[in-house]
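First up is the structure itself, then whatever we jot down about it.
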Amino acid sequence: MSVSGAEEAHRNRRISDDVQELSVTDEALPVEKFDHLYLLNTVLRETLDAINRVSVTLDVETAHPYLEVSEDRKSVRRTGTCRNLPDTGKRFTIWLCVLGSEGFTSGRHYWEVEVTGNRVWWLGVAAESVERKGRVSLSPETGFWVIGRYYDVLHRDCDVFYGLPSPEFRLAAGPIPGRVGVYLSYESGTVSFYNAETKSRLHTFTGNKFTGKLYPFFMTWDGSQWLRICSGSAPGL
């Protein structure tokens, strides 16, 4: 065997060993461990089939009357008019929220949302049983696993990116992502959030025991920019 051939065989064995060690688990794969693009791509090819990359659409029957849902049910924004809509019992009437049409009771699921330019938004997962008619904290204790962005439009000097367990906390300082990935692993009780542009993890809620149906969750107070659900391949999960 030539020297170059031996080096290639050794590299392939090392990559194979590393892939076995870092294969997908119910926790988010630590993308920062991959110092070789070939290794990262190899792991992704072998693991993404286990993750359901969801084509999320919005359930208009859950949308607050101040929210406008696009015709294709892929985008949502706040309007200046409270529409007179029938209350089927599913509709949010306090928080400006809307849920995805499909809920999950098992499996691993991933979707992405374009948030570029939107100054006030929340994304994540909500339990089917959440309070829809009252003002509750958006926390795991009340059935919400979310992160979001808040910009104080009055003072114009407060741009905060943070999660909302109880108590709320700010996420690590860094650029506000333009596209956010949401990953739900039902059986492991995990909800993770990613900067889909850099494939880096933003935050993970762990240690949950999910028992009911969970839905993709969206909330926005920005009337100038849509939140847009988009397709995207899952980062190293």
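Basis for what follows: all heavy atoms, side chains included, without hydrogens, waters or symmetry-related copies.
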Spacing of [X] atom [atom1] and [Y] atom [atom2] [to the nearest 0.5 Å]:
X: Arg119; Y: Gln225; atom1: CZ; atom2: CD; answer: 9.0 Å
X: Thr88; Y: Glu61; atom1: OG1; atom2: CD; answer: 4.5 Å
X: Lys213; Y: Ser106; atom1: NZ; atom2: OG; answer: 10.5 Å
X: Leu227; Y: Arg77; atom1: CG; atom2: CZ; answer: 11.5 Å
X: Tyr215; Y: Cys97; atom1: OH; atom2: SG; answer: 15.0 Å
X: Leu123; Y: Arg149; atom1: CG; atom2: CZ; answer: 12.0 Å

Can any side-chain N or O of [X] pair as donor or acceptor with the backbone N or O of [Y] at less than 3.5 Å?
X: Asp59; Y: Leu99; result: no
X: Glu141; Y: Gly143; result: no
X: Glu187; Y: Gly107; result: yes
X: Lys133; Y: Arg91; result: yes
X: Thr79; Y: Tyr66; result: yes
X: Thr204; Y: Ser192; result: no
X: Lys74; Y: Leu58; result: no
X: Thr142; Y: Ser137; result: yes

- Message: Is the distance between the ring centroids of Phe210 and Trp145 under 6.0 Å?
- Response: yes
- Stepwise side-chain contact (heavy atoms from CB on, under 4.5 Å) test for Trp121 and Val113: CA-CA 11 Å; Trp121 53 262; Val113 184; over 6 Å; no
- Query: Would you call Phe92 and Val130 a side-chain contact if the rule is heavy atoms closer than 4.5 Å?
  - Reply: yes
- Item | Qualifying residue, where the test is side chain to side chain contact (heavy atoms under 4.5 Å, CB included) with Val191 and the options are Ile147, Leu184, Thr206 | Leu184
- Might you work through the side-chain contact (heavy atoms from CB on, under 4.5 Å) test for Trp95 and Leu138, ending with a clear yes or no? CA-CA 10 Å; Trp95 293 120; Leu138 302 181; 4.2 Å; yes
Closest non-hydrogen atom pair, [X] against [Y]:
X: Arg108; Y: Tyr183; value: CD-OH, 3.0 Å
X: Phe104; Y: Pro216; value: CE1-CD, 3.8 Å
X: Ala63; Y: Val69; value: CB-CG2, 4.1 Å
X: Ser75; Y: Arg228; value: OG-CG, 3.4 Å
X: Trp226; Y: Ser70; value: CZ3-N, 3.8 Å
X: Pro177; Y: Leu202; value: CG-CD1, 4.1 Å

- Message: Can you see whether Asn118 engages Thr220 through a side-chain donor-acceptor pair at a distance of less than 3.5 angstrom?
- Response: yes
- Item | Salt bridge present between Arg179 and Glu197 (N-O < 4.0 angstrom) | no
- Message: Cation-pi check for Tyr110 against Arg53: NZ or CZ below 6.0 Å from the six-membered ring centre and within 45 degrees of the axis, yes or no?
- Response: no
- Task: If the plane angle is over 60° it's perpendicular, under 30° parallel, otherwise tilted; pick one for His203 and Phe205.
- Result: perpendicular
